[in-house]
Asker: 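My questions will all concern the structure given below.
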Protein chains: 2
Amino acid sequence: MGMPRKRITIEDVARAAGVHASTVSRALNPQRQALVTGAVAARVAAAARRLGYRPDPVAAGLRTRRSSTIGVLVPDIANPLFPPILRGIEAALGDAGYTAIIANTDNDPQRASDALERLAARRADGIILATASRRDSLLERCRKLGLPVVLVNRSIDGGSVSAVVTDDEAGAALAVRHLALLGHRAIGHVAGPRRLSTGAQRRRGFVAALRAIGAGTQPPPIAEAETYEIEAGARAAAALLATNPGITAIVAANDLLALGCYDEAKRLGLACPRDISITGFNDMPFADRFDPPLTTVRIPHRAMGAEAARLLLAEIENPRSPKRAIELQPELVVRGSTARPRAGPPPAR
Amino acid sequence: MGMPRKRITIEDVARAAGVHASTVSRALNPQRQALVTGAVAARVAAAARRLGYRPDPVAAGLRTRRSSTIGVLVPDIANPLFPPILRGIEAALGDAGYTAIIANTDNDPQRASDALERLAARRADGIILATASRRDSLLERCRKLGLPVVLVNRSIDGGSVSAVVTDDEAGAALAVRHLALLGHRAIGHVAGPRRLSTGAQRRRGFVAALRAIGAGTQPPPIAEAETYEIEAGARAAAALLATNPGITAIVAANDLLALGCYDEAKRLGLACPRDISITGFNDMPFADRFDPPLTTVRIPHRAMGAEAARLLLAEIENPRSPKRAIELQPELVVRGSTARPRAGPPPAR
DNA sequence: GGCGCTTCTGCAATCGTTTGCATAGAATAG
DNA sequence: CTATTCTATGCAAACGATTGCAGAAGCGCC
């Protein structure tokens, strides 16, 4: 009781059960249980439990080159969009006996690349990428490492890898149509970064929908934010409003950008939704708490994460299984940031 | 180029450099560089770099029983309070060559315990607990496992383990004094769970401060929420207001509970801050975006995380170093959820 | 009763490092 | 110039599992 007891190894269990270590290994591995007699299996299990044996995953991993571990790369853990996705991933992974290792990249490709190397070195069995840009060198790296990957939320150009994303075009269209129905015609877009699939697709959906309601212009009223951050959204909104003064509504490419639009509107003395309507995208947690509560496009965060995890697990099982791209349907949730446009022109400054 | 190249081991480097593997190991380890001639060290380094050698942490870990990995247990990753803490942890850890492994426990002791076992099995070098209850069995378990621990945000009774927390009593007092200064006397408290140090300490600070401003009553107007969640806050607020109808201000034990108070106030037809003032605690991200913007007690999230990481690293270095309890000072941030109490009585329903 | 088949278990190599110990040669002392 | 101490390296044994291979029973079958 005094000594810090030595770790109990498979060898100890073998001795206690009167069998060889290799037999213990087989008896304790559900995959290979069939190879040993029922009686022996029971004896081993009993001994293991009696001694409190806990298999050592790092020793096992050294031999098997597997770790029951999945790396998850997230661009920004502080963005409330991601926790629900992680929850979904963890749930699906846990069911299968895997553990997620979350790595935060802070939108920094270098950090992302470092994290990937670390995960690979620790023998992650697969990677879920929430950080992908449309042409992402990380994927090439994963291929080289023979590391299964699936993308979540953001996709890449050319479907050479499995992904589960939202139908971003449809989502943007939902927002545009909602605004059109309210009576808006002069609708602008604060776009996300073009190098991200979400930025590109939502923009595309916006343009198409605007044309569809017969309000398309050349060029369309769009300003692109450099990042998905509040400040970038404010800057883009400023640019958009400067070049398109008549605008009565803004479709923002995500909720954080929408928040930036709020800020810029306030700065200009425009009340939302009275003077200007604003929509977001993602329905991130707390979007309903903003002032005004944000009308936004909801995506099934949790399901997205879970689905991605399942896809990855399937690919780990069978590395030559075909790549799949799953597109989940978004849904509009109307709150307080959108309203009919004012009858008259916006107040003169 | 075609074959999936085999992993490059220390043995390969040894051959290339014309030395023994053990020499390579020494040459590549900064701690033991001194044991090796400068010339050899250079030769080895060159060979390693030329071959693109990446040491295998799992093999090394098997031998050394260390992993350069720290487990972080978080009660709820979806609570925006935690991401900034994690950021701080990751920053401090990264500087020292360690990696954080984040585990989400969903406030479930069972999941927490499972996560701890997994982390221990994977040879985490230490644990940062953001989940601690005042009497937490996880700590006993860590002690048994010989696993260094430090607590962050929440502490335990009796200082047998290092911790970095906020001065919660002072924080609560800040809120009370602010309200008193505005003219409130009938101030209630929506407390956090008593089994958590934050719940207990903030309550304690509330009671003391209330007495200090000469508004103490017996019993003090307090309702305890079972968890730190919005709904629990709403329920507690309902209970508080039911038993203490005269209340003009609520000090909530955290921001989520404050949000619950918002909800309950609205349900009762009370406008915040006109009819009732509400304060939060934590100044979580987006607290400034709520409707109304939340007056709250700011705690230095990031610094807290960083400090905890440094403490842990120190304890890993020297396991017999004395336990330290660091208390960071909070700061009041006044926003729109507090105002002078109305002259007359609150509207009759 | 001998033969071939299964079925179960043991043997030993392996995964990629680290490190205590031994040793060869160099450096220093006497 | 010998005796002694260092220093730099090599050797080989861990760390704790998994698994291909081989051998020993056990079995049925002719």
Side-chain angles (χ1 to χ4, degrees), chain A residues 4-45 47-48 51-69 118 120-125 146, chain B residues 4-45 47-48 51-69 120-123 125 146:
Chain A
R5 212 106 51 95
K6 282 185 70 78
R7 171 174 260 282
I8 293 154
T9 75
I10 206 170
E11 204 82 48
D12 301 323
V13 178
R15 211 167 309 127
V19 297
H20 190 264
S22 61
T23 304
V24 174
S25 173
R26 289 188 270 253
L28 260 27
N29 180 333
Q31 313 293 318
R32 295 181 213 298
Q33 278 241 22
L35 294 180
V36 315
T37 324
V40 170
R43 200 140 43 88
V44 168
L51 298 185
Y53 168 68
R54 336 240 0 161
D56 182 328
V58 359
L62 179 57
R63 177 67 226 252
T64 61
R65 335 203 93 251
R66 278 174 304 103
S67 63
S68 294
T69 262
R118 273 205 318 271
R122 291 202 186 290
R123 303 252 211 286
D125 297 338
Chain B
R5 211 106 51 99
K6 281 183 71 75
R7 173 175 258 282
I8 293 153
T9 76
I10 206 170
E11 204 82 48
D12 301 324
V13 178
R15 211 166 311 128
V19 296
H20 190 265
S22 61
T23 303
V24 175
S25 172
R26 288 188 270 254
L28 260 26
N29 180 335
Q31 313 293 318
R32 297 184 211 297
Q33 278 243 23
L35 295 180
V36 120
T37 325
V40 172
R43 198 139 44 89
V44 168
L51 299 185
Y53 168 68
R54 335 238 5 158
D56 182 329
V58 1
L62 179 58
R63 176 69 225 248
T64 61
R65 335 202 91 250
R66 279 175 302 103
S67 63
S68 292
T69 262
R122 293 204 186 288
R123 301 253 211 287
D125 297 337

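Quick note: numbers below take in every heavy atom, side chains included, and nothing from hydrogens, waters or symmetry partners. In what follows, chains carry the letters A, B, and so on, assigned in the order in which the sequence lines appear, proteins first and then strands, with residues in each chain numbered from 1.
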Asker: Closest nucleotide of DNA chain D for Val24(A) versus for Val24(B): which of these residues is on the 5' side?
Answerer: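 Result of the comparison: Val24(B).
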Asker: Just to confirm, is there a sub-4.0 Å distance from OP1 or OP2 of dT18(C) to any side-chain nitrogen or oxygen of Ser22(B)?
Answerer: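 Ser22(B) to dT18(C) OP1/OP2: no side-chain N or O under 4.0 Å.
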Asker: For the side chain of Glu11(B), counting heavy atoms from C-beta on, which of dA13(C), dT17(C), dA12(C) is nearest?
Answerer: dT17(C)
Asker: Nearest 0.5 Å, please: how far is CG in Asp56(B) from CD1 in Ile8(B)?
Answerer: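 The distance works out to 12.5 Å.
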Asker: With rounding to the nearest 0.5 angstrom, report the CD1 to CG distance, Ile10(B) to Leu51(B).
Answerer: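 If we round to the nearest 0.5 Å, Ile10(B):CD1 and Leu51(B):CG are 12.0 Å apart.
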Asker: Judged by each residue's nearest nucleotide on DNA chain D, which is more toward the 5′ side, Thr64(B) or Arg63(A)?
Answerer: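 Going by which nucleotide is closer to the 5' end, it is Thr64(B).
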Asker: Would you please confirm or rule out a distance under 4.0 Å between OP1 or OP2 of dT18(C) and any side-chain N or O of Ser25(B)?
Answerer: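 Looking at the OP1 and OP2 atoms of dT18(C), one of them is under 4.0 Å from a side-chain N or O of Ser25(B).
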Asker: Are the side chain of Arg123(A) and the backbone N or O of Val58(A) linked by a donor-acceptor pair below 3.5 Å?
Answerer: no
Asker: Go through the structure and list residues passing side chain to side chain contact (heavy atoms under 4.5 Å, CB included) with Arg15(B), not counting sequence neighbours.
Answerer: Glu11(B), Asp12(B)
Asker: Of all the nucleotides listed (dT17(C), dC21(C), dT9(C)), which has the minimum atom distance to the side chain of Arg26(B)?
Answerer: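 That would be dC21(C).
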Asker: Using the heavy-atom set of chain A and a strict 4.0 Å cut-off, write down the first and last nucleotide of DNA chain D that makes it in, 5' to 3'.
Answerer: dG16(D) to dG20(D)
Asker: Atom OH of Tyr53(B) and atom P of dG16(C): how far apart are they, to the nearest Å?
Answerer: 10 Å
Asker: Separation of Arg15(A) atom CZ from dT9(C) atom P, in whole Å?
Answerer: 19 Å
Asker: Output the single nucleotide from dC11(C), dT18(C), dT9(C) whose closest atom is nearest the side chain of Ala60(B).
Answerer: dT18(C)
Asker: Once you round it to whole Å, what is the distance between P of dT7(C) and CZ of Arg32(A)?
Answerer: 17 Å
Asker: In the structure I gave you, are the side-chain heavy atoms of Arg122(B) and Thr69(B) within less than 4.5 Å of one another anywhere?
Answerer: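 Side chain of Arg122(B) against side chain of Thr69(B), heavy atoms only: no contact under 4.5 Å found.
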Asker: To the nearest Å, give me how far apart CZ (Arg7(B)) and C1' (dT17(C)) are.
Answerer: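 Spelled out: CZ on Arg7(B) to C1' on dT17(C) is 11 Å.
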